[in-house]
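The block underneath contains the structure these notes are about, expressed in structure tokens.
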There are 2 protein chains.
Amino acid sequence: MLAQNDSKIIDDLLQLIIEGKYKENDRLPSENELAIYYNMPRINVRNALLKLEDMGYIYSKQGKGRFLKPKKHQLELNLTGSKSFTEAMKHAGHDLETQNLGYVKVPYDEKIYSKLQVGQDDEVIKISRLHIVDSQPTALHISYVSKSVFPRIERDGDNIQSMFSYYADQGYTDFSSNKGCVSISFPTSVERALFECAALVPLLVVESDCIEANQNRVLGYTKIIYRSDLFTYVIAED
Amino acid sequence: MLAQNDSKIIDDLLQLIIEGKYKENDRLPSENELAIYYNMPRINVRNALLKLEDMGYIYSKQGKGRFLKPKKHQLELNLTGSKSFTEAMKHAGHDLETQNLGYVKVPYDEKIYSKLQVGQDDEVIKISRLHIVDSQPTALHISYVSKSVFPRIERDGDNIQSMFSYYADQGYTDFSSNKGCVSISFPTSVERALFECAALVPLLVVESDCIEANQNRVLGYTKIIYRSDLFTYVIAED
DNA sequence: ACCACGCAACTTGGCAACAAGATAAGCTTG
DNA sequence: CAAGCTTATCTTGTTGCCAAGTTGCGTGGT
């Protein structure tokens, strides 16, 4: 599909949307109107519009039409900041709720076990929390910790809200998190359900270790998944 | 489209692809095979596969089948680094070529003019360069400078390879770039052609000012657009 | 005059039938 | 026997038709 047949219409509509030519919940031109205007079969127009819907820009109602989805207001997030996500959101005056999604024992996985610097005979627990900012699910924190470092994790797992607080509770007071690797991915259907987002909304994934300062021991490995369309990320010192 | 009919198949295939169950250029199951397996009409399977194609994971050949697209090897890029993109790539031992895509005078735009701190009567020039790393277009640098700060820009515009070098050439030796705002977007058809990428490959956009240290004057405003699937971004000190 | 019903003209949603390209097996012909 | 053509059967690509939901207008009865 080198020369795509629906790229022109996507370009045009996207530009109109980004320029703000449509207001929230405005009706877009119908499939037939666009088909006539661009002189192409309706199915191509339709595919273009479905793509825009999957990207999260518009929604559709059978029998009525297609409409501009209200734009979520953007949160500002400092990727280089030393503040945790929780602190940063609260500091910016947002209403924050954290849902603990429970924990599971993960089967042996080379990448995760080596990140935690534990042997294959150790047990690794995965703890997931969903952060809801101003009633909007925005970030999913997935942390991996080993049972050897946190023996009581299976008792505490369901109640943890912030990993950093838990580390401190367990006696690890001096630790640092090296914000590490950033990548972009698309949501799985589970993530899509949690974030209440469309299928093609890109996610920004930040992976980082948390290292205890004194003994240089790895406390945990955390993957933070952000809905990329809700944030403007900032790279700068605090 | 709350309950999507093609999400299961996308989930499954994406997991198989990411886990590496298919080798490069391996043939995936045909539309009919998947339709029978998932017990859904072929068109739904087809739409799912087209989505994967647009995401850049697979390619198709009429009459033959669908195949796993070879994965580009990932470049490492330090977002917080003080090195310029050019320096960073060369330093990592990559073959780098920069194509100057020419310059144009831009019509008045509030955001750009205010970023450059120039009046509406000033002229602003947009200079675009495409960076090709190991024969692969990877990043697009778009810089805006004003004619009042760089009077000779229209003579030099076509030959600039690196903005930083040009700033230095023009006598501005002490300047700093605050890597600022990061966001994710999708390519326009022009960008898609330049990057030789699929329609739904997310782009990572980094916007930054360059400020002259002595007089605190804004030299230029630069937007760097990266193909997000070619990089693993790193956030850390050099 | 006014209300109710129905029909017509729109909207998006879904799908089946057909077209076109590729490949391999089998038949025909020299 | 071998070369070349045909055909059957795979693959993906395209198109057109009909279903379903919504709205509004017009008509007919009260």
Side-chain angles (χ1 to χ4, degrees), chain A residues 1-10 12-14 16-17 21-70 189 192 198-200, chain B residues 1-10 12-14 16-17 21-70 189 192 198-200:
Chain A
M1 208 187 277
L2 274 169
Q4 287 200 349
N5 42 18
D6 59 4
S7 54
K8 179 77 172 69
I9 171 172
I10 291 188
D12 290 354
L13 285 176
L14 218 45
L16 289 174
I17 291 172
K21 301 290 185 192
Y22 294 112
K23 286 196 290 291
E24 294 188 356
N25 301 309
D26 268 5
R27 224 201 89 203
L28 274 68
S30 76
E31 295 180 2
N32 278 320
E33 286 169 340
L34 290 169
I36 291 167
Y37 180 83
Y38 286 100
N39 192 31
M40 53 169 67
R42 182 171 83 96
I43 193 72
N44 291 354
V45 174
R46 183 176 172 72
N47 284 333
L49 291 167
L50 287 176
K51 230 177 265 185
L52 286 176
E53 184 172 343
D54 274 333
M55 292 189 217
Y57 291 106
I58 61 176
Y59 63 92
S60 68
K61 283 186 184 171
Q62 185 174 359
K64 299 194 77 174
R66 294 199 146 83
F67 306 87
L68 185 65
K69 199 183 271 190
S189 54
R192 195 151 68 242
L200 297 176
Chain B
M1 210 187 279
L2 274 170
Q4 289 200 351
N5 42 17
D6 59 3
S7 56
K8 179 79 172 70
I9 172 171
I10 291 188
D12 291 352
L13 284 176
L14 218 45
L16 289 173
I17 290 171
K21 302 290 184 191
Y22 294 112
K23 286 197 290 293
E24 293 186 356
N25 300 309
D26 268 6
R27 222 201 89 201
L28 274 68
S30 76
E31 295 179 2
N32 279 318
E33 286 168 341
L34 289 169
I36 291 167
Y37 181 82
Y38 286 100
N39 191 31
M40 54 169 67
R42 184 171 81 94
I43 195 72
N44 290 354
V45 174
R46 183 176 172 72
N47 284 332
L49 291 167
L50 287 176
K51 234 177 260 185
L52 285 176
E53 184 172 342
D54 274 333
M55 293 189 216
Y57 290 107
I58 60 177
Y59 63 92
S60 68
K61 282 185 184 171
Q62 185 173 0
K64 299 195 77 173
R66 296 199 143 83
F67 307 88
L68 185 66
K69 201 182 269 190
S189 53
R192 193 152 68 245
L200 298 175

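Here is how names work: the chains are called A, B, and so on, in the same order as the sequence lines, proteins then strands, and each is numbered from 1. Just so it is clear, the model here is predicted, and its values are computed rather than measured.
Residue pairs meeting the salt bridge (charged side-chain N to carboxylate O under 4.0 Å, His left out) criterion with at least one member in residues 36-45 of chain B, sequence neighbours excluded, are B:Glu31-B:Arg42.
Checking D:dT11, D:dT12, C:dT11 against every side-chain atom of A:Glu33, the shortest atom distance belongs to C:dT11.
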Look for any protein N or O under 3.5 Å of an N or O in nucleotides 15-21 of chain D and output each such pair with its distance, or none.
{"unit_1": "D:dA20", "atom_1": "N3", "unit_2": "A:Gln62", "atom_2": "NE2", "d": "3.1"}
{"unit_1": "D:dG21", "atom_1": "N2", "unit_2": "A:Gly63", "atom_2": "O", "d": "3.0"}

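Contact check, B:Ser30 against D:dT11: a side-chain N or O comes under 4.0 Å of OP1 or OP2. OP1 or OP2 of C:dC10 has not a single side-chain nitrogen or oxygen of A:Asn32 nearer than 4.0 Å.
Under the salt bridge (Lys or Arg N to Asp or Glu O under 4.0 Å) criterion, A:Asp12 pairs with A:Lys8, sequence neighbours left out. The ring pair (Phe, Tyr, Trp, His ring centres under 6.0 Å) test applied to A:Tyr59 returns A:Phe67, not counting sequence neighbours. Residues passing the side chain to side chain donor-acceptor pair (under 3.5 Å) test with B:Arg27: none are found, sequence neighbours excluded. For the side-chain contact (heavy atoms from CB on, under 4.5 Å) test, no residue two or more places apart in sequence or in another chain qualifies with A:Ile36.
If one axis is set at each end of the helix from C:dA1-D:dT30 to C:dG30-D:dC1 from five pairs, those axes are 50° apart, to 10°.
The distance between atom CD1 of A:Ile58 and atom P of C:dT12, rounded to the nearest whole Å, is 10 Å. In this structure, B:Asp6 places its CG atom 13 Å from P of C:dG13, rounding to the nearest Å. Atom CG of B:Asn47 and atom P of C:dG13 are 12 Å apart (whole Å). Following rounding to the nearest Å, A:Glu53 (CD) and C:dT11 (C1') show an atom-to-atom distance of 14 Å. Look at CD on B:Glu31: it is 11 Å from P on D:dT14, rounded to the nearest Å.
Using a 4.0 Å heavy-atom distance criterion, A:Arg66 is classed as a sugar-phosphate-only contact.
One N or O on the side chain of A:Asp26 and one on the backbone of A:Lys23 form a donor-acceptor pair closer than 3.5 Å.
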